[in-house]
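Here's the structure, in structure tokens; my notes come after.
Quick note: residue numbers are just sequence positions, from 1. Whatever order the structure lists them in is the order used to number ligands and atoms, beginning at 1.
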Amino acid sequence: MSERYDVAIVGSGPAGLSAAINCKIRNKNIILFGNENLSNKVSKAPKINNYLGIPGIKGEELKEAFKKHIDSMDISITPERINAIYAMGDYFALMVNEKMYEAKSVILATGMEYGKALKGEEEFLGKGVGYCATCDAPLYKGKKVAIIAHNKKEEEEANFVKELAETVYYIPMYKDIENLREDIIVVRENPVEIIGNDMVRSLKLSNTTLEVDGVFVLKDSISPDQLMPGLKITDGHVEVDRQMATNLKGCFAAGDCTGKPYQYIKSSGEGLVAALNAVSYLNNKK
Ligand SMILES: Cc1cc2nc3c(=O)[nH]c(=O)nc-3n(C[C@H](O)[C@H](O)[C@H](O)COP(=O)(O)OP(=O)(O)OC[C@H]3O[C@@H](n4cnc5c(N)ncnc54)[C@H](O)[C@@H]3O)c2cc1C
């Protein structure tokens, strides 16, 4: 059987990192999923004036300070994007494609994806629109696929999809492409709408329309209700109480994903509260 962690923390921004250090201080066996760069929303901030005690700090410097802190506590980041989390009663199953991690409790700290869904994205979700290229690539064997990629790391996903699909169009939402197969067609236009009838038929871009069987929209985060079936969402945010507990027993949430204001210190504070309550939950379970 795979190792069952006490707490799985999903997200490596200020909320997830604060949850991680506090669970570790309380001697819990944790796994922290996220990004080795921690959070783009931290490293890209030009100047931060509202993080108590360190006025005027640059995002990149704050990221380094966070990194040093977790390193000093021997906390490492597992650089995987969780695709789905299932509440199994006594534990949670966290899926990365076909791989599964198990944990007794979960802290969601996935941040907020500011980008609005594309026209047609929600309508055709599961009908040709997907968020995990490696999971769904086999469905498109010999077919045509478009990948809208918000991050460099999706190049690897696209390369894998091209091993199966006949044609892969790659629509990067960032500047420099580093490591994409040459037989993938790069289209530098903005996506406008996903069109179809019962299934996806085409992707309309600013100047052209691509005839495709599938569209993958690959962003850093997936909306929490898609990530975790049964999770209660209100106004696009995970609903939590003062303990940062969600409606699912043993599942807590912290940071931007629980609602406004979207700020570092609120996120790290909530990460602390979520961690301490996850610890109490575990201790009461014994
Ligand atoms: C340019 C900019 C400047 C800002 N300036 C300020 C400021 O001056 N002061 C301030 O207080 N706030 C500022 N903010 C807001 C601040 O960045 C956010 O409030 C804060 O980062 C939220 O922290 P978080 O931990 O909730 O989420 P995030 O920092 O968004 O981190 C979420 C992490 O979770 C990971 N993740 C998501 N889904 C998954 C998944 N399924 N599996 C694995 N990992 C996943 C993501 O990759 C990401 O690393 C700024 C934001 C931006 C963009």
Side-chain angles (χ1 to χ4, degrees), residues 8-22 30-63 65-67 69-70 76-86 92-97 99-101 103 106-115 131-132 134-135 149-154 157 217-229 231 236-238 240 244 251-275:
I9 298 158
V10 186
S12 53
L17 299 177
S18 167
I21 63 164
N22 284 290
I30 63 168
I31 183 158
L32 169 63
F33 295 102
N35 188 322
E36 275 162 336
N37 186 39
L38 308 187
S39 157
N40 285 338
K41 289 200 187 123
V42 176
S43 53
K44 284 192 179 157
K47 196 173 180 187
I48 301 157
N49 278 315
N50 63 345
Y51 203 94
L52 186 65
I54 35 178
I57 193 166
K58 290 195 186 94
E60 192 58 33
E61 292 166 342
L62 186 61
K63 182 196 107 179
F66 286 168
K67 181 82 181 64
H69 193 161
I70 60 167
S76 60
I77 293 173
T78 303
E80 309 242 53
R81 179 175 48 201
I82 300 295
N83 302 128
I85 307 173
Y86 300 107
F92 294 88
L94 296 99
M95 311 301 296
V96 182
N97 306 336
K99 209 185 319 167
M100 183 178 85
Y101 294 87
V106 166
I107 297 176
L108 295 173
T110 51
M112 240 341 247
E113 196 45 72
Y114 293 123
Y131 296 130
C132 171
T134 42
C135 315
H150 288 258
N151 208 306
K152 257 192 195 44
K153 68 179 193 303
E154 313 307 353
E157 294 264 292
V217 185
L218 305 182
K219 301 178 189 165
D220 268 356
S221 32
I222 305 169
S223 74
D225 47 340
Q226 261 141 21
L227 188 64
M228 204 163 178
L231 190 68
H237 295 111
V238 182
V240 285
M244 307 315 294
C251 175
F252 301 81
D256 283 2
C257 68
T258 70
K260 288 180 180 172
Y262 300 149
Q263 306 280 270
Y264 299 122
I265 209 151
K266 178 255 193 192
S267 298
S268 36
E270 287 189 353
L272 158 78
V273 177

[X] versus [Y], closest heavy-atom pair with distance:
X    : Y    : answer
G111 : C257 : O-CB, 3.4 Å
G56  : N49  : N-OD1, 3.1 Å
I85  : P229 : O-CD, 3.3 Å
M112 : Y262 : CG-OH, 3.4 Å

Going by distance only, is there an N or O of [X] that falls short of 3.5 Å from an N or O of ligand 1?
X    : answer
D256 : yes
P14  : yes
K44  : no
I265 : no
Q263 : yes

So between [options], whose heavy atom ends up nearest [atom]?
atom                    : options             : result
atom 45 (C) of ligand 1 : P261, G11, G59      : G11
atom 40 (C) of ligand 1 : N151, I82, V96, N49 : I82
atom 2 (C) of ligand 1  : A45, G255, A15, S39 : A45
atom 14 (N) of ligand 1 : F33, Y264, Y51      : Y264

Would you check if the side chain of [X] reaches a backbone N or O of [Y] as a donor-acceptor pair within less than 3.5 Å?
X    : Y   : value
S268 : P14 : no
S18  : A15 : no
S39  : G13 : no

Atoms of ligand 1, numbered as shown, that sit under 4.0 Å from any heavy atom of [X]:
X    : value
R81  : 40 (C), 41 (N), 42 (N), 43 (C)
L38  : 48 (C), 49 (O)
G34  : 44 (N)
T110 : 32 (C), 34 (O), 37 (C), 38 (N), 39 (C)
Y262 : 12 (N), 15 (C), 19 (O)

Practice task
Give the C-alpha distance, both sets of side-chain angles, the deciding distance and a yes or no for side-chain contact (heavy atoms from CB on, under 4.5 Å) between L17 and H69.
Solution key: CA-CA 9 Å; L17 299 177; H69 193 161; over 6 Å; no

Exercise for the section: Report yes or no: does E80 have a heavy atom closer than 4.0 Å to ligand 1? Expected result: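 The answer is yes, since E80 has a heavy atom less than 4.0 Å from ligand 1.
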
Determine whether the side chain, the backbone, both or neither of [X] has a heavy atom under 4.0 Å from any heavy atom of ligand 1.
X    : result
N50  : side chain
V10  : side chain
C257 : neither
K266 : neither

Handout entry: Gap separating the NZ atom of K67 from the CG atom of N37, nearest 0.5 angstrom
Key =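 So the gap between those two atoms works out to 10.5 Å.
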
Handout entry: Atom CD of E36: over 12 foreign heavy atoms under 6.0 Å
Key =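 It does not: E36 CD has 12 such atoms or fewer within range.
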
Problem - Worked check of side-chain contact (heavy atoms from CB on, under 4.5 Å) between I9 and I31 - result: CA-CA 6 Å; I9 298 158; I31 183 158; over 6 Å; no

Exercise for the section: Test side-chain contact (heavy atoms from CB on, under 4.5 Å) on I54 and L62 and set out the steps. Expected result: CA-CA 9 Å; I54 35 178; L62 186 61; 3.7 Å; yes

